[in-house]
K.L.:
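Below you will find the structure I want to go over with you.
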There are 2 protein chains.
Amino acid sequence: MARESKTKFAILGMLNQGPKCGYEIKKELEKSATFFWNESYGQIYPMLKRMVREELATIEVIAREDQPDMKIYTISDKGTEELERWLKLPADPHPVRNESMLKIYFGANTTPGMVKTHITRYRDRMSQQLRDIEDQQEQLDESAEEALFKKLSLRYGELLSEAIQTWCDEAEKEISKL
Amino acid sequence: MARESKTKFAILGMLNQGPKCGYEIKKELEKSATFFWNESYGQIYPMLKRMVREELATIEVIAREDQPDMKIYTISDKGTEELERWLKLPADPHPVRNESMLKIYFGANTTPGMVKTHITRYRDRMSQQLRDIEDQQEQLDESAEEALFKKLSLRYGELLSEAIQTWCDEAEKEISKL
DNA sequence: GGCTACATGTAACAAGTTACATGATTTT
DNA sequence: AAAATCATGTAACTTGTTACATGTAGCC
């Protein structure tokens with residue numbers, strides 16, 4: 001992945017919403033962006049350090065008794081500029097890798113019985129996701145303006161899960177015909 | 001990515017359809033699996049070598065004048081077993097990273113005007129994809145049994161592109177309200 | 001009494017991209 | 001005449017995952 005790390009921008013974007021610690025960055029990313037983004041601590045913590053070094057953010061260390069120091073990061077002017085620079089650039093389409101589909105594809109040639117299992121599993125995963133999304137949608141505070149993207153993000157997950165479910169239904173029928 | 005490489009299985013699955021050279025593996029993957037899988041030559045060629053070493057495939061070298069030797073790989077019994085072992089395992093959901101969505105998400109907080117641009121671009125990409133898919137669907141030989149998954153794969157791409165287009169339309173409207 | 005959430009990190013390792021290197025043949 | 005396709009590969013580099021290490025606080 002000799003390609004500019006997106007982790008930096010994911011963090012920059014999160015910090016742009018307000019000062020945060022590494023843990024919060026990860027949690028909020030999970031909450032609001034699960035359907036299209038993910039970062040691991042193994043990426044976040046080292047990147048935050050690097051970003052302070054590169055002056056994209058400042059760090060404030062809060063000492064706590066019997067617990068590790070909490071480190072609050074704040075985006076700098078340079079960081080804001082960097083974020084905006086990236087925002088102006090067109091997104092490059094990230095290559096997809098969907099293991100479920102790969103197994104279904106190859107399974108058709110080898111163990112046709114297995115294919116149904118994978119399709120069923122895939123559909124079940126989508127149903128579960130859909131239920132989770134609906135729960136979250138109910139809990140959503142419609143009035144909050146900040147919730148707009150949270151709402152749109154849930155809707156994104158909803159539409160995708162539904163589309164995949166539809167595909168699973170269709171695929172199952174087609175395969176049954178054989 | 002200290003996680004068992006899927007590249008091995010992608011290649012194994014391709015070779016299971018018949019002996020192939022590295023170039024063909026890549027091309028056929030692009031043709032039939034673009035919507036859910038991708039491999040680069042930088043992954044394929046070294047992996048093929050390793051697979052011969054591990055006796056998952058055998059190699060046949062065809063000498064050609066003025067052109068590099070062509071190397072045809074054939075899956076071995078051990079390779080078939082390995083493929084089937086993997087097929088039985090449940091797929092692990094691969095983490096998503098969709099840069100378009102990330103930009104749209106952060107853009108809402110920073111440069112609202114930019115967001116529309118990204119949404120438009122994203123929708124345009126999907127429209128183009130949809131047109132490509134339709135072209136390919138027309139060229140499809142319905143009678144060929146081998147074409148079943150090719151057909152299903154195109155349908156998968158179609159459903160996903162449509163879902164994303166729908167999302168773009170909705171998102172644009174919601175954002176315009178602000 | 002046990003699980004989950006909070007909070008930070010590192011080291012080992014593997015995976016994956018891109019650019020480079022090379023050149024014939026076929027199509028437009 | 002140029003562009004695309006066929007065909008193989010490597011090296012440099014970065015990204016990203018997982019397992020480990022550590023411990024408190026709060027909830028059920």
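Just so it is clear: chains get the letters A, B, ... in the order the sequence lines come, proteins before strands, and each one is counted from 1.
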K.L.:
Distance only, no hydrogens: is a donor on one side chain within 3.5 Å (strictly under) of an acceptor on the other, for B:S76 and B:E55?
P.N.:
no
K.L.:
With each end axis built from five pairs of C1' atoms, what bend angle do you get for the helix from C:dG1-D:dC28 to C:dT28-D:dA1? Round to 10°.
P.N.:
70°
K.L.:
Nearest-Å distance, CD (A:E99) to C1' (D:dT17)?
P.N.:
15 Å
K.L.:
How does each nucleotide of nucleotides 23-28 of chain C score, in 5' to 3' order, for protein heavy atoms under 4.0 Å: base (B), sugar-phosphate only (S), or none (-)?
P.N.:
-SS---
K.L.:
At less than 4.0 Å, is any side-chain N or O atom of B:R97 found next to OP1 or OP2 of D:dG16? Yes or no.
P.N.:
yes
K.L.:
Should A:D169 and A:R123 count as an ion pair when the cut-off is N to O under 4.0 Å?
P.N.:
yes
K.L.:
D:dT10 phosphate, OP1 or OP2: any side-chain N/O from B:K49 under 4.0 angstrom?
P.N.:
yes
K.L.:
Look at the side chain of A:M70 and decide which nucleotide, out of D:dT15, C:dA7, D:dG9, has an atom nearest to it.
P.N.:
C:dA7
K.L.:
Centre-to-centre under 6.0 Å for B:Y105 and A:F149, is that the case here?
P.N.:
yes
K.L.:
What's the closest nucleotide to the B:R50 side chain, out of D:dT8, D:dT17, C:dA15?
P.N.:
C:dA15
K.L.:
Salt-bridged, A:K8 to A:E82, with N to O below 4.0 Å?
P.N.:
yes
K.L.:
To the nearest Å, how far apart are A:Q43 CD and D:dT17 C1'?
P.N.:
8 Å
K.L.:
Answer yes if the side chains of B:S176 and B:K116 hold a donor-acceptor pair under 3.5 Å, and no otherwise.
P.N.:
yes
K.L.:
Should the pair B:K27-B:E30 be classified as a salt bridge under the 4.0 Å nitrogen-to-oxygen rule?
P.N.:
yes
K.L.:
So, does A:K103 use its side chain to make a donor-acceptor pair with the main chain of B:W86 at under 3.5 Å?
P.N.:
yes
K.L.:
A:I59 CD1 to C:dA7 P: how many Å, rounded?
P.N.:
15 Å
K.L.:
To the nearest Å, how far apart are A:E60 CD and C:dA7 C1'?
P.N.:
16 Å
K.L.:
What integer distance in Å separates B:I44:CD1 from D:dT8:P?
P.N.:
10 Å
K.L.:
Here's a test of your reading of the structure: between B:Y45 and A:M47, which maps to the more 5' nucleotide of DNA chain D?
P.N.:
B:Y45
K.L.:
With a 4.0 Å cut-off on heavy atoms, is B:N38 in touch with a base, just the backbone sugar-phosphate, or nothing at all?
P.N.:
sugar-phosphate
K.L.:
Quick one: which of C:dT17, D:dG9, C:dA7 gets closest to the side chain of A:P95?
P.N.:
C:dT17
K.L.:
To the nearest Å, give me how far apart NZ (B:K71) and P (D:dT10) are.
P.N.:
8 Å
K.L.:
Where along residues 6-34 of chain B does a heavy atom come under 4.0 Å from DNA chain C, residue by residue in number order?
P.N.:
B:T7
K.L.:
May I have the distance from B:L48 (atom CG) to C:dG16 (atom P), rounded to whole angstrom?
P.N.:
15 Å
K.L.:
Any base atoms under 4.0 Å from B:S5, or only sugar-phosphate, or nothing? Heavy atoms, all strands.
P.N.:
sugar-phosphate
K.L.:
Please verify the inter-ring angle class for A:Y23 with A:Y41; under 30° counts as parallel, over 60° as perpendicular, anything in between as tilted.
P.N.:
parallel
K.L.:
Within the pair B:S40 and C:dT17, is there a side-chain N or O less than 4.0 Å away from OP1 or OP2?
P.N.:
yes
K.L.:
Could you tell me whether the side chains of B:K31 and B:Q136 share a donor-acceptor contact shorter than 3.5 Å?
P.N.:
no
K.L.:
Without hydrogens or angle criteria, can the side chains of B:R125 and B:Q128 be said to hold a donor-acceptor pair below 3.5 Å?
P.N.:
no
K.L.:
Between B:Q137 and B:E158, does any side-chain donor sit less than 3.5 Å from a side-chain acceptor?
P.N.:
yes
K.L.:
Before giving the answer on salt bridge (Lys or Arg N to Asp or Glu O under 4.0 Å), spell out for A:E172 and A:K177 the whole-Å C-alpha distance, their side-chain angles and the decisive distance to 0.1 Å.
P.N.:
CA-CA 9 Å; A:E172 212 168 37; A:K177 283 186 198 164; over 6 Å; no
K.L.:
Please report the distance, rounded to the nearest Å, between OH in A:Y41 and P in C:dA7.
P.N.:
9 Å
